[in-house]
Each structure stands twice: as C-alpha cells, then as structure tokens.
Colleague: 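To start, I am sharing the structure in question, which I have written as structure tokens.
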Amino acid sequence: TEMGSIPGFSQRERACIDLRIPESGDAELDALIEKARRQEFAAKAMQGLSSGGLDAYLSSTRAFDFADYLIGEMERTDG
C-alpha cells in the first residue's frame, strides 16, 4: 500500500506507523507504535538470547529488559 493511501490516516501518521516512530502527534497512535516497537525489539533480543541456549522464561524477561534499554537509549540520543 502506498504511504498515506489508507483512509483515516495522514501521510505523517502512515509514515510513523511504517517506520515505527512514535511521533505522529496522536497520543493513542504513538502509544500503539511504541508498544509494537517494544515487542519487535524484544522478539529480536529473544532470538539472540535463545540462540545461546538460555531458559525460555529468563530469555523473554531479559529480552523485554533489553528492548526497554534500547528504546531508552534511542530516546536519550534522539536516534
């Protein structure tokens, strides 16, 4: 789908959704984008942690901790 062509979303909102950048100007949409970004980072961290043979529960807990850390660093450095 071409960016901005979905009814109800501005081009900026669509770009924020596609790029996972919570800067749409809509607090509810930004919260959903932030949640999706956290889950995506946690999933990637989980893949990396589980490749080392760690317990699944420990891996998932650490994955979300690491995702939170990465998001915090991105916000701190405006990255």
Side-chain angles (χ1 to χ4, degrees):
T1 305
E2 186 176 319
M3 206 167 19
S5 64
I6 297 175
F9 288 107
S10 68
Q11 284 186 333
R12 179 182 177 88
E13 290 169 330
R14 189 69 217 163
C16 287
I17 291 167
D18 290 343
L19 298 172
R20 301 239 195 297
I21 300 173
E23 297 179 10
S24 70
D26 178 307
E28 190 173 349
L29 178 58
D30 288 347
L32 290 171
I33 293 168
E34 186 66 40
K35 183 176 181 179
R37 186 165 71 158
R38 182 175 184 253
Q39 290 174 337
E40 183 179 354
F41 283 159
K44 289 179 181 181
M46 178 78 173
Q47 288 173 349
L49 291 169
S50 64
S51 67
L54 294 175
D55 173 73
Y57 173 76
L58 175 61
S59 295
S60 64
T61 301
R62 291 188 64 205
F64 275 103
D65 289 343
F66 190 62
D68 291 339
Y69 169 77
L70 288 176
I71 291 168
E73 284 298 300
M74 288 173 46
E75 290 171 352
R76 186 181 69 78
T77 61
D78 200 28

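Along the sequence shown, the residues carry numbers beginning at 1.
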Colleague: Which atom pair, heavy atoms only, marks the closest approach of Asp18 to Arg14?
Modeller: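 The pair with the smallest heavy-atom distance is OD1-NH2, 2.7 Å.
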Colleague: Please name all residues satisfying side-chain hydrogen bond (donor to acceptor under 3.5 Å, both in side chains) with Asp68, sequence neighbours left out, ordered by chain then number.
Modeller: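 So Asp68 forms a side-chain hydrogen bond (donor to acceptor under 3.5 Å, both in side chains) with Arg38.
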Colleague: With sequence neighbours left out, what residues match Arg12 under side-chain hydrogen bond (donor to acceptor under 3.5 Å, both in side chains)?
Modeller: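 Counting only residues at least two positions away or on another chain, Arg12 forms no side-chain hydrogen bond (donor to acceptor under 3.5 Å, both in side chains).
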Colleague: Is there a side-chain contact between Ile17 and Ile33 (heavy atoms, below 4.5 Å)?
Modeller: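 Side-chain contact under 4.5 Å: yes.
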Colleague: So, for Asp30 and Ser24, which heavy atoms are closest and what is the spacing to 0.1 Å?
Modeller: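 Here Asp30 and Ser24 meet closest at OD1-OG, 2.6 Å.
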Colleague: With sequence neighbours excluded, tell me which residues meet salt bridge (Lys or Arg N to Asp or Glu O under 4.0 Å) with Glu34.
Modeller: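 Only Arg37 meet the salt bridge (Lys or Arg N to Asp or Glu O under 4.0 Å) criterion with Glu34.
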Colleague: Could you list the residues that satisfy side chain to side chain contact (heavy atoms under 4.5 Å, CB included) with Leu32, not counting sequence neighbours?
Modeller: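 None.
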